[in-house]
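Written out below as structure tokens is the structure these notes cover.
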Amino acid sequence: MPELVFFSGTMDCGKSTLALQIEHNRSARGLSGMIFSRDDRAGEGKLSSRLGLVTDAVEVEDGQDLYAYLVDHLSQGRRADYVIADEAQFLAPEQIDQLARVVDDLGLDVYAFGITTDFRSKLFPGSQRLVELADRVEVLQVEALCWCGARATHNARTIGGEMVVEGAQVVVGDVNQPDDIGYEVLCRRHHRRRMTAATARAAALSPDVLPVSAS
Ligand SMILES: Nc1ncnc2c1ncn2[C@@H]1O[C@H](COP(=O)(O)OP(=O)(O)O)[C@@H](O)[C@H]1O
Ligand SMILES: Cc1cn([C@H]2C[C@H](O)[C@@H](COP(=O)(O)O)O2)c(=O)[nH]c1=O
């Protein structure tokens, strides 16, 4: 049975790498994939991994009907044996419904990859719809770690290393951007306390928290 699978995790946990591996394994066996992406850091029409691999993708536009796109593609006699959708958190809920229809009416597997929650730990609308509709939600096995060593479950947005909670839901960016606007994955405890690696380091160095000597 074809399936809609949502591979989810924090930023930097290997989602795009897995998407590229799935694509590689299937294309190595002569299958042809339709690859969708949106706002990849590598630029328009790309699906890229931090490990350096990149492939071309169809850049999804606002309001684009993904089901109609595939029907059109197939009716021109072109092939699509499965579908990969990266950065799926950026898709609109209607586009997730269209991907579910691709599974049910066209009989294709759809593998969607994305982060579930934003920097305020609120669901992205596209991810919410994926959780609602997917046959399976798979949490990636490679765990990203918080600076404290615990499993990272949340995405923080940072400016100059400090966590912010105001701003637009979508701001394309990357982890390890200490001087700029960036992201850092944290455990829930430290996300709640807004404690990033930089602020934890600063607190540890602060004279206020140094142990008071007995003398
Ligand atoms: N220099 C490196 N050497 C080995 N692994 C790396 C390196 N840089 C990043 N990674 C790994 O790449 C993964 C991030 O891959 P990516 O597919 O881009 O993540 P995602 O799509 O989930 O944001 C992380 O699991 C990280 O361990
Ligand atoms: C938390 C959060 C992230 N984003 C952006 C930042 C990146 O461009 C992508 C996630 O990509 P990755 O391959 O999973 O690292 O999402 C955002 O726009 N808003 C957020 O709150």
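Whatever order the structure lists ligands and atoms in, that order sets their numbers, starting from 1. Along the sequence shown, residues carry numbers from 1.
The aromatic rings of Phe36 and Tyr69 lie perpendicular to each other, with more than 60° between the two planes, well past the 30° mark. Between Trp147 and His190, the ring planes are tilted. Angles from 30° to 60° get that label.
Nearest protein heavy-atom contact of atom 8 (O) of ligand 2 is Gly173 N, 3.1 Å. Scanning the protein for heavy atoms near atom 17 (O) of ligand 1, the closest one is Thr17 OG1, 2.6 Å. Among protein heavy atoms, atom 21 (O) of ligand 2 sits closest to Phe119 N, 2.8 Å. Regarding atom 12 (P) of ligand 2, its nearest protein heavy-atom neighbour is Arg41 NH1, 3.5 Å. Atom 14 (C) of ligand 1 has as its closest protein heavy atom Asp12 OD1, 3.2 Å. The nearest heavy-atom contact from the protein to atom 19 (N) of ligand 2 is Gln169 O, 2.6 Å. With respect to atom 18 (O) of ligand 2, the closest heavy atom belonging to the protein is Val171 N, 2.8 Å. Scanning the protein heavy atoms around atom 6 (C) of ligand 1, the nearest turns out to be Leu51 CD2, 3.3 Å. With respect to atom 13 (O) of ligand 2, the closest heavy atom belonging to the protein is Glu87 OE2, 3.1 Å. Closest protein heavy atom to atom 16 (O) of ligand 2: Phe90 CZ, 3.3 Å. For atom 2 (C) of ligand 2, the nearest non-hydrogen atom of the protein is Tyr183 CE2, 3.3 Å.
Here the shortest heavy-atom pairing between Pro2 and Asp109 reads CA-OD1, 3.2 Å.
With a heavy-atom cut-off of 4.0 Å, Phe124 touches ligand 2 through its side chain alone.
Judged purely by distance below 3.5 Å, without hydrogens or angles, the side chains of Glu23 and Gln21 never pair a donor atom with an acceptor atom. Ser49 and Thr17 share a donor-acceptor pair across their side chains, judged by distance under 3.5 Å alone.
Residue contacts with ligand 2 leave out Arg120, since none of its heavy atoms falls under 4.0 Å from the ligand. Using a 4.0 Å heavy-atom cutoff, Gly9 is absent from the residues neighbouring ligand 1.
A continuous path of ILVMFWY side-chain contacts below 4.5 Å connects Leu66 to Leu4, so both sit in one hydrophobic cluster.
Taking every heavy atom of Arg157 and a limit of under 4.0 angstrom, the matching atoms of ligand 2 come to 19 (N), 20 (C), 21 (O). Within the listing of ligand 1, atoms 16 (P), 18 (O), 19 (O), 20 (P), 23 (O) sit less than 4.0 angstrom from a heavy atom of Arg50.
Considering both main-chain and side-chain atoms, Ser48 never comes within under 3.5 Å of ligand 1 through any nitrogen or oxygen pair. At least one N or O atom of Lys15, backbone or side chain, sits closer than 3.5 Å to an N or O atom of ligand 2. For a threshold of 3.5 Å applied to N or O pairs, the pair formed by Asn155 and ligand 2 contains no separation below that value. The distance criterion of under 3.5 Å between nitrogen or oxygen atoms is not met by Arg41 with respect to ligand 1. At a 3.5 angstrom cut-off on N or O pairs, Arg50 counts as close to ligand 2. Annotation: Cys13 places an N or O atom under 3.5 Å from an N or O atom of ligand 1; distance criterion only.
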query = Can Asn155 and Thr10 be said to form a side-chain hydrogen bond (donor to acceptor under 3.5 Å, both in side chains), step by step?
reply = CA-CA 6 Å; Asn155 304 298; Thr10 58; 4.7 Å; no

task = Could you give me the CA-CA distance, side-chain angles and deciding distance for Glu87 and Gln89, then say whether side-chain hydrogen bond (donor to acceptor under 3.5 Å, both in side chains) is met?
result = CA-CA 5 Å; Glu87 306 293 354; Gln89 72 275 2; 2.8 Å; yes

message = Please evaluate residues Asp81 and Ser32 with respect to the criterion side-chain hydrogen bond (donor to acceptor under 3.5 Å, both in side chains), reporting the C-alpha separation (whole Å), side-chain torsions for both, the decisive distance (0.1 Å), and the verdict.
response = CA-CA 5 Å; Asp81 301 308; Ser32 181; 5.0 Å; no

ask   = Does the side-chain hydrogen bond (donor to acceptor under 3.5 Å, both in side chains) test come out yes or no for Gln128 and Glu132, once each step is laid out?
value = CA-CA 6 Å; Gln128 178 183 341; Glu132 290 163 352; 3.0 Å; yes

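Atoms CZ and CD, from Arg78 and Gln76 in turn, are 5.5 Å apart once rounded to the nearest 0.5 Å.
Put simply, atom 1 (N) of ligand 1 has no protein non-hydrogen atoms near it, under 4.0 Å away.
A cation-pi arrangement is absent between Arg157 and Tyr183 under the rule of less than 6.0 angstrom and at most 45 degrees off the ring axis.
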Can I get a per-line list of side-chain donor-acceptor pairs under 3.5 Å for residues 166-175, giving both atom names and the distance, sequence neighbours left out?
| from | atom 1 | to | atom 2 | distance (Å) |
| --- | --- | --- | --- | --- |
| Gln169 | NE2 | Asp118 | OD2 | 3.0 |
| Asp174 | OD1 | Arg50 | NE | 3.0 |
| Asp174 | OD1 | Arg50 | NH2 | 2.8 |

